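One structure below.
In this text the structure is predicted, and so the values were computed from the model without any measurement.
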Amino acid sequence: GQTTATMSIEAARRACEAAEIDPADLDLIVVGTLTGDYQMPSTACLIQSEFGARSAAAFDCGSACTGFITATQIAEGMIATGKAKRALAIGAETLSRFLDFENRTSCILFGDGAGAAVLQPWEDCKQGEVIKTTLGSDGDKFDYIIIPGTGSKSPPTKETIERRDHLIQLKGREVFRFATVKMAELIEQMLEGIDESELGLIVPHQVNQRIIDAALDRLGMGPEKVMVNIDRYANTSAATVPIALDEAVRAGRLEPGQYCVLVAFGAGMTWGASLLRW
């Protein structure tokens with residue numbers, strides 16, 4: 001009975017408690033999701049209503065598995081320009097409603113979940129300074145991961161449902177080749193000029209253990225500085241990075257002053273990364 005909105009609200013409550021702020025003081029809510037409760041309105045508006053954040057702008061961003069990093073970079077940019085002071089960035093998905101359970105190569109990969117973070121000006125924060133960020137996309141690969149039958153180009157009909165066009169379709173080999181290269185490139189980019197001894201943790205999108213391992217091999221890095229929880233939750237798309245970051249912080253895997261890299265890629269194809277100093 002849970003939805004993307006209800007999971008997001010619970011994650012947002014926990015994030016606000018950790019940041020010791022009143023949700024009513026939020027002035028921006030950005031949700032990265034491809035499985036919102038409705039085509040419209042946005043899931044962010046449902047959260048804004050629940051929280052009573054009457055002065056908050058609220059909207060969703062649709063960059064698939066890169067959704068949380070996109071949401072945080074939008075929030076960071078608005079705070080940096082003075083257009084917001086307290087922002088809530090959320091990554092949330094209910095992918096189980098969009099899986100083709102007749103396709104055993106893809107349906108086993110995905111899960112449902114939500115994670116959230118509060119962003120504020122650095123002088124008001126206790127941890128997690130954003131040092132640098134990057135976003136990108138390659139629309140030539142738009143059909144690597146796609147739900148072809150629910151948009152305005154092909155709205156749902158009896159025929160599209162019979163073809164199962166309303167469910168996720170993906171090209172596994174193409175995604176694997178793209179992901180291993182791009183993940184390694186992004187981590188290298190974020191760590192440029194950083195001594196590896198200063199790196200506390202890499203929090204990657206929990207897409208596939210083999211992809212994470214292959215990216216580490218390209219970088220010549222071991223698994224000890226990488227947060228992995230895919231074995232417990234599967235690929236929850238936009239929710240993977242915030243869930244993994246929250247678990248890492250609560251487990252004491254990041255110490256003050258250490259660097260942390262967040263990295264993700266998703267349908268589109270999109271990608272993003274952030275370097276934080278804890």
Do L186 and F265 come within less than 4.5 Å of each other through their side chains, counting heavy atoms only? no

If you take all heavy atoms of R277 and G257, which pair is closest and at what distance? CG-O, 3.8 Å

Worked check of salt bridge (Lys or Arg N to Asp or Glu O under 4.0 Å) between K158 and E162: CA-CA 6 Å; K158 180 175 182 291; E162 288 175 347; 2.5 Å; yes

Heavy atoms of other groups near F101 CZ, more than 12 under 6.0 Å: yes

Is there a side-chain contact (heavy atoms from CB on, under 4.5 Å) between K225 and Q258? Walk through the geometry before answering. CA-CA 12 Å; K225 287 193 174 181; Q258 288 185 322; over 6 Å; no

Can you give me the closest heavy-atom contact between I79 and L119, atom names plus distance? CD1-O, 3.4 Å

When clusters are formed by joining ILVMFWY residues with side-chain heavy atoms under 4.5 Å apart, either directly or through shared neighbours, do I108 and V228 land in the same one? yes

Run the numbers on E185 and K182 for salt bridge (Lys or Arg N to Asp or Glu O under 4.0 Å), then give the verdict. CA-CA 5 Å; E185 287 179 355; K182 184 55 66 176; 3.2 Å; yes

Please check if the number of heavy atoms outside K132 that lie under 6.0 Å from its NZ is greater than 12. yes

Heavy-atom distance under 4.5 Å between the side chains of F110 and L170, does that happen here? yes

What I'd like to find out is whether the side chain of L88 reaches to under 4.5 Å of the side chain of I90, using heavy atoms alone. yes

Under a 3.5 Å distance rule, please check whether Q120 uses its side chain to pair with a backbone N or O of R86 as donor and acceptor. no

Do L216 and L199 land in one hydrophobic cluster if side-chain heavy atoms of ILVMFWY residues count as linked below 4.5 Å? yes

Treating K141 as the side-chain partner and F178 as the backbone partner, does any N or O pair qualify as donor plus acceptor under 3.5 Å? no

Going by heavy atoms in the side chains, are K171 and D143 under 4.5 Å from each other? yes

When you look at CZ of R173, are more than 12 heavy atoms from neighbouring residues, nucleotides or ligands closer to it than 6.0 Å? no

D60 and T43: which non-hydrogen atoms are nearest, and at how many Å? OD2-N, 2.8 Å

Taking atom CD as the centre, does E196 end up with more than 12 heavy-atom neighbours from other residues, nucleotides or ligands that are less than 6.0 angstrom away? no

Classify the side-chain pair T66/T270 by whether it contains a donor and acceptor separated by less than 3.5 Å. yes

Can L26 and I21 be said to form a side-chain contact (heavy atoms from CB on, under 4.5 Å), step by step? CA-CA 8 Å; L26 295 167; I21 72 159; 3.7 Å; yes

What distance do D217 atom CG and T180 atom OG1 have between them, rounded to the nearest 0.5 Å? 10.0 Å

Just by modelled atom types, is the T4 backbone N or O under 3.5 Å from a matching donor or acceptor in the T94 side chain? yes

Side-chain heavy atoms nearer than 4.5 Å, only ILVMFWY residues, links allowed to pass through others: does that put L275 and I69 together? no

May I ask you to check whether over 12 heavy atoms, not counting those of K85, lie within 6.0 Å of atom NZ? no

For S237 and A64 the tightest heavy-atom approach is OG-C, 3.7 Å

R253: side chain to side chain donor-acceptor pair (under 3.5 Å) partners, not counting sequence neighbours: none

Pairwise side-chain contact, C61 with I74, heavy-atom cut-off 4.5 Å (strictly under): yes

What heavy-atom pair brings P23 and A53 nearest, and what distance separates the two atoms? O-CB, 3.6 Å

Is Q189 close to T134 at the side-chain level, that is, under 4.5 Å between some pair of heavy atoms? yes

Should we say atom CZ of R104 is surrounded by more than 12 heavy atoms from elsewhere, each under 6.0 Å from it? no

Rounded to the nearest 0.5 Å, how far does CD of E174 lie from OH of Y144? 5.5 Å

Does G139 offer a backbone N or O that forms a donor-acceptor pair with the side chain of S137 under 3.5 Å? no

Do L219 and V203 belong together in a cluster built from hydrophobic side chains that touch within less than 4.5 Å? no

Check whether any side-chain heavy atom of I161 lies under 4.5 Å from a side-chain heavy atom of H166, and answer yes or no. yes

Between Q127 (side chain only) and E255 (backbone N and O only), is there a donor and an acceptor less than 3.5 Å apart? no

Partner of T240 under side-chain hydrogen bond (donor to acceptor under 3.5 Å, both in side chains), picked from H205, Q206, E93, is H205

Determine whether R14 and E10 satisfy the following criterion, salt bridge (Lys or Arg N to Asp or Glu O under 4.0 Å), listing intermediate values before the conclusion. CA-CA 6 Å; R14 297 185 190 185; E10 178 60 27; 3.0 Å; yes

SG on C65 to CG on L95, rounded to 0.5 Å: 7.5 Å

Testing the basics here: between C260 and L262, what is the closest heavy-atom pair and its distance to 0.1 Å? SG-CD2, 3.9 Å

Counting only N and O atoms by type, is there a donor-acceptor contact under 3.5 Å from the side chain of S49 to the main-chain atoms of L46? no

Roughly how far, to the nearest 0.5 Å, is CE of M7 from OG1 of T33? 8.0 Å

Could you walk me through whether N103 and I168 pass the side-chain contact (heavy atoms from CB on, under 4.5 Å) test, one step at a time? CA-CA 10 Å; N103 183 347; I168 293 173; over 6 Å; no

Compare all side-chain heavy atoms of W271 with those of V263 and state whether any distance is below 4.5 angstrom. no

Would you compute the distance between atom CD1 of I243 and atom CE of M227 and round it to the nearest 0.5 angstrom? 10.5 Å

So, taking the atom named OG in S8 and the one named CG in D37, what distance separates them when rounded to the nearest 0.5 Å? 8.0 Å

Ring pair (Phe, Tyr, Trp, His ring centres under 6.0 Å) pairs touching residues 15-55, sequence neighbours excluded, are none

With clusters defined by side-chain heavy atoms of hydrophobic residues (ILVMFWY) lying less than 4.5 Å apart, directly or transitively, does V118 cluster with I29? yes

Take D100 and R164 through the salt bridge (Lys or Arg N to Asp or Glu O under 4.0 Å) test and state the conclusion after the steps. CA-CA 7 Å; D100 184 352; R164 309 181 77 77; 2.8 Å; yes

What do the steps show when you test T133 against L135 for side-chain contact (heavy atoms from CB on, under 4.5 Å), and what is the final call? CA-CA 7 Å; T133 62; L135 290 173; over 6 Å; no

